[in-house]
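For ligands, and for the atoms within them, numbers begin at 1 and follow the listed sequence. Bear in mind the structure is a predicted one, so any value in this text is a computation, not a measurement.
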Amino acid sequence: MKAHSIASLVRPCIARLTPYSTARDDYQGELGVFLDANESPYENGYNRYPDPHQAALKALISPMKGLPVENIFLGNGSDEAIDLVFRVFCEPRVDNVVAIAPSYGMYTVAAAINDVAVREVPLGPEFSLPKAELLAAADAHTKALFLCSPNNPTGNAFAREDLLELVEAFEGIVVVDEAYIDFSSVPSLAAEVRRYPNLIVLQTMSKARGMAGLRLGLALADAPIVRLMSMVKYPYNINEAAQRLVADLLRQPIDDQVACIVQQRGVVAKRLRALPVVERVYPSDANFLLVKVRDADAAYEHLVRRGIIVRNRNRVLQCAGCLRITIGLPQENEKMLQSLAEL
Ligand code: PMP
């Protein structure tokens with residue numbers, strides 16, 4: 001897709017928008033007497049508005065992602081970025097999006113909130129990417145295609161070539177949600193946003209990075225898309241505490257934690273396969289396992305009674321009989337395995 005055609009995808013009201021200009025946009029010096037933002041003058045560490053452009057945090061993230069800051073949008077969780085795709089590109093009741101199913105539930109919830117139809121395309125055999133069906137589902141009003149790799153809740157990652165084939169063939173925005181990419185053996189598509197003007201790669205600090213409570217998600221994309229999303233977001237979408245704490249925590253390495261979770265994933269999968277109640281453990285590139293059991297509702301209730309909470313996916317398309325089990329600490333996994341072994 002050509003860079004200039006991104007403009008043709010944008011909602012008319014957003015193309016016309018004059019975004020809110022903050023006090024900090026008008027004057028950007030560090031020192032001075034700040035009487036411009038109606039803040040409290042009494043210093044307590046948080047009395048000033050946070051940087052709406054998150055410059056310091058982006059400067060820290062940029063070398064980590066190998067992308068210039070102009071390709072980085074920061075959201076209040078990647079959920080904010082998902083919502084912004086609708087608010088920027090999809091005219092309510094007119095446009096639609098295409099998404100794989102089953103996948104992360106917020107694509108359809110954000111679509112419903114924005115009054116935009118979702119054309120769900122079931123995954124192929126063994127949760128494979130239904131490329132032809134996804135392209136066939138699109139029409140002149142399809143603005144975006146939502147893909148998730150590794151996919152939640154199936155756990156599998158799609159081949160890089162297959163994802164890029166869709167990015168090239170699809171006449172709209174292609175969102176590739178990489179929330180679980182740190183646990184995957186398939187490399188990220190992040191660097192590709194410099195080559196494909198219609199690609200948005202979502203990542204998050206909530207999973208491997210261990211900051212779900214701080215709410216920080218990334219949308220990596222070509223600069224025009226980052227500019228559009230930045231125009232539409234709330235000016236102060238990342239609060240001061242989150243900006244500071246994420247920066248502090250990003251300096252701590254997580255390689256050992258990720259390695260341990262990936263190692264445990266293999267151990268837990270093997271042990272689960274040996275249990276009488278388990279019918280199938282699906283391959284996973286994420287920090288969870290999709291597990292088909294004899295009676296999912298009964299197994300779920302049994303685990304709850306033992307104080308172990310997993311996600312019951314029994315009523316999700318193509319996941320009948322399945323629990324989604326997050327990989328925890330070794331002793332937590334052990335407790336879960338022992339409880340399932342009682343069935
Ligand atoms: N994408 C996927 C695939 C997810 O599973 C989740 C959370 N479960 C998110 C995005 C949302 O992440 P965040 O915490 O960054 O909003």
- Ring centroid separation for Phe146 and Phe86, is it under 6.0 angstrom?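 That pair passes the under 6.0 Å test.
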Heavy-atom contacts with [X] under 4.0 Å: which atoms of ligand 1 show up? List them by number with element.
{"X": "Cys148", "result": "3 (C)"}
{"X": "Arg215", "result": "13 (P), 14 (O), 16 (O)"}
{"X": "Ala179", "result": "1 (N), 2 (C), 3 (C)"}
{"X": "Ser206", "result": "13 (P), 14 (O), 15 (O)"}

- Query: Passes ring-ring contact (aromatic ring centres under 6.0 Å, His included), Phe288 versus Tyr180? Steps please.
  - Reply: CA-CA 9 Å; Phe288 58 83; Tyr180 300 98; 5.1 Å; yes
- Item | From Leu202, Leu220, Val193, Leu199, residue fulfilling side chain to side chain contact (heavy atoms under 4.5 Å, CB included) relative to Val176 |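 Considering Leu202, Leu220, Val193, Leu199, a side chain to side chain contact (heavy atoms under 4.5 Å, CB included) with Val176 is found only for Leu199.
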- Query: At a non-hydrogen distance cut-off of under 4.0 Å, which region of Asp177 contacts ligand 1 (side chain, backbone, both, or neither)?
  - Reply: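 Contact part for Asp177 vs ligand 1: side chain (C-beta onward).
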- Region of Ser78 that comes within reach of ligand 1 [heavy atoms, distance under 4.0 Å]: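 For Ser78, backbone and side-chain atoms both sit under 4.0 Å from ligand 1.
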- Query: Can you check whether Tyr104 has an N/O within less than 3.5 Å of an N/O in ligand 1?
  - Reply: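 It does not: no N or O of Tyr104 is found under 3.5 Å from an N or O of ligand 1.
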- Query: Would you say ligand 1 has an N or O under 3.5 Å from any N or O of Tyr107?
  - Reply: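 No, there is no polar N/O contact under 3.5 Å.
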- Can you figure out which of Lys207, Gln203, Glu178, Met106 has its heavy atom closest to atom 7 (C) of ligand 1?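 Going through Lys207, Gln203, Glu178, Met106 one by one, Lys207 has the nearest heavy atom to atom 7 (C) of ligand 1.
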- Query: At a 4.0 Å cut-off, with the gap strictly under it, does some heavy atom of Glu80 reach an atom of ligand 1?
  - Reply: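 The answer is no: ligand 1 sits nowhere under 4.0 Å from a heavy atom of Glu80.
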